[in-house]
Amino acid sequence: MAAGASLTDARSAELYRRAVRVLPGGVNSPVRAMRAIGRDPLFVQRAHGAELIDVDGNRYVDYVCSWGPLIHGHAHPEILAAIADAAAAGTTFGAPTAGEVELAEEVARRVPSVEMLRMTSSGTEAAMSAIRLARAATGREKLLKFAGAYHGHVDGLLAQAGSGLATQALPSSPGVPAAATANTLIVDWNDAEGVRAATAEHEFAAILCEPYPANMGLVPPAESFLELLRERADATGALLVFDEVISGFRLAAGGAQELTGVTPDLTIMGKVIGGGLPAAAYGGPRSLMELVAPAGAVYQAGTLSGNPLAVAAGLATLRMLDDAAYAHLAARTERLAAGLREAAGDRPVQVVTAPGLLTVFFSAEPVRDYAGAQACDLEGHAAWCRALLARGVYPPPSQFEAWFPSLAHDHEHLERTFDAAAAAFAEVL
Ligand code: KE4
């Protein structure tokens, strides 16, 4: 697609007209609607490797990659073959399979703090269940989370900060009863004093965080911040819960807890673990996980939990993630960041990166927390994303998300990205 070319999106537009009559906002998950960047969604026809092709035949270098699962890119032949082989043996049994044991053993090898896990079909379910387990294990009810962190759409986590520091949170969505968030308290990310005050005042069942938050855009933990969470959890009898749905198996083989050396009590996993099919999990030491039914009394269940096709895709995905893959992904992400910084020149933009993750904040100042992300030039970011789409690059359509480069993004994909980014910056800033 020539630089500056506008998108031909007639087929997407026609599908969207039909979609909004039968799907809320025309989509099955809000961010896909592209409302945050001021355009209607593009409907995907197919994808392979780092490339996405929409129903109008427009080709894109894809940096959403289904929001993280596709660390090997789209339609990887080994993953497709694993899914096909599993499907030939049946799609679901409602009974245990060897694959579920193998996947749990594979995860335990990569994430030593996860001696045992329970699979679910979504990250939301895994987060909800991990919180229930933490409450059962501690006999406490209160939960500390961080502003801007997203852990799925369970009622108690659809919460916004209360009126004052360390006061009970308020629902952030209609339909969430005040009672559901009354035990949730919210502190700003990277606010050490806020954490100290909240954990001095309240007895928490859990301190829950994305160790490398990517749902306010990518905002890495400040120096020693995760260590502080570990120390406050130990000092007060709370469990430290890492939501590694995004960071897990991406930042490193063992996720953020390997990269930082800070070990949580429970880990929430998703995305990569299912290799692009619906799968997630929560896990930790046997002493905690054996409280979960039927070993213990904490009830949690799921018809398709540990689905054989998702397990096959997850196993194929993890088994290809060796040290060389992580080194390659980290180097590729750094190259992407460097090229985007060069394309931005001296414009008020912050390119933040971690292995396999990146965010371009439209901000003159570094972003340290959710308020900083909210203060970005959201209109400028939206215009830049629209300009990237018109030039064949598909960025995450929100300032509060991360780019997900994959092992399929090669030199040519990055060069196309840099050319489009430079032209888009010139157009909007
Ligand atoms: P799911 O229920 O969507 O499988 O997982 C929820 C979840 C939990 N924890 C973290 C850290 C997450 O990022 C997510 C979901 N991530 C979003 C993207 N930021 C999924 C995209 C969407 O909602 O459509």
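Basis for what follows: all heavy atoms, side chains included, without hydrogens, waters or symmetry-related copies. Whatever order the structure lists ligands and atoms in, that order sets their numbers, starting from 1.
- Here Thr124 has heavy atoms under 4.0 Å from ligand 1 in both its backbone and its side chain.
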**Prompt:** Under the salt bridge (Lys or Arg N to Asp or Glu O under 4.0 Å) criterion, do Arg110 and Glu106 qualify, and how do the steps go?
**Reply:** CA-CA 6 Å; Arg110 290 165 178 271; Glu106 181 71 34; 2.9 Å; yes
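- Between His202 and Phe204, the ring-plane angle classifies as tilted under the 30° and 60° cut-offs.
- With atom 7 (C) of ligand 1 as the reference point, the heavy atom nearest to it among Gly270, Gly152, Ala149, Gly68 is part of Gly152.
- Only the side chain of Glu210 comes within 4.0 Å of ligand 1, counting heavy atoms alone; its backbone N, CA, C and O stay farther away.
- In the displayed structure, Glu379 atom CD is contacted under 6.0 Å by at most 12 heavy atoms of other residues, nucleotides or ligands.
- Between the side chain of Ser398 and the main chain of Phe400, a donor-acceptor pair closer than 3.5 Å is present.
- The closest approach between His153 and ligand 1 stays at or above 4.0 Å for every heavy atom of the residue.
- Considering backbone and side-chain atoms together, Arg32 places no N or O closer than 3.5 Å to any N or O of ligand 1.
- Counting only heavy atoms from C-beta outward, the side chains of Thr138 and Glu203 never approach each other to under 4.5 Å.
- Between Arg17 and Glu14 there is no salt bridge, since no side-chain N of the basic residue sits under 4.0 Å from a carboxylate O of the acidic one.
- Of the possible polar contacts, none joining the Asp369 side chain to the Trp189 backbone as a donor-acceptor pair under 3.5 Å is found.
- More than 12 heavy atoms of other residues, nucleotides or ligands sit less than 6.0 Å from atom CZ of Phe93.
- Near Ile246, with a cut-off below 4.0 Å to any heavy atom, the atoms of ligand 1 are 13 (O).
- The contact set between ligand 1 and Asn215, taken as ligand atoms under 4.0 Å from a residue heavy atom, comprises 10 (C), 11 (C), 12 (C), 13 (O), 18 (C), 19 (N).
- With a heavy-atom cut-off of 4.0 Å, Glu125 does not touch ligand 1 at all.
- Closest protein heavy atom to atom 17 (C) of ligand 1: Lys271 NZ, 3.7 Å.
- For the pair Glu401 and ligand 1, the shortest N or O to N or O distance falls below 3.5 Å.
- Atoms of ligand 1 lying under 4.0 Å from any heavy atom of Trp67, numbered from 1 in the order shown and given with element: 21 (C).
- With Arg386 contributing its side chain and Ile37 its backbone, the two residues share a donor-acceptor pair below 3.5 Å.
- Annotation: atom 11 (C) of ligand 1 to nearest protein heavy atom, Tyr150 O, 3.3 Å.
- In the model, Arg118 has a side-chain atom that pairs as donor or acceptor with a side-chain atom of Gln300 under 3.5 Å.
- Remark: the backbone N or O of Ala310 is paired with a side-chain donor or acceptor of Asn307 at under 3.5 angstrom.
- For atom 24 (O) of ligand 1, the closest non-hydrogen atom of the protein is Ser29 OG, 2.6 Å.
- Residue contacts with ligand 1, taken as heavy atom pairs separated by less than 4.0 Å, involve Ser122 via backbone and side-chain atoms alike.
- Counting only heavy atoms, the protein never gets under 4.0 Å from atom 3 (O) of ligand 1.
- In terms of polar-atom proximity, Gly123 is counted as a contact of ligand 1, with an N or O under 3.5 Å from an N or O of the ligand.
- Among all non-hydrogen protein atoms, the one lying nearest atom 9 (N) of ligand 1 is Asp243 OD2, 2.7 Å.
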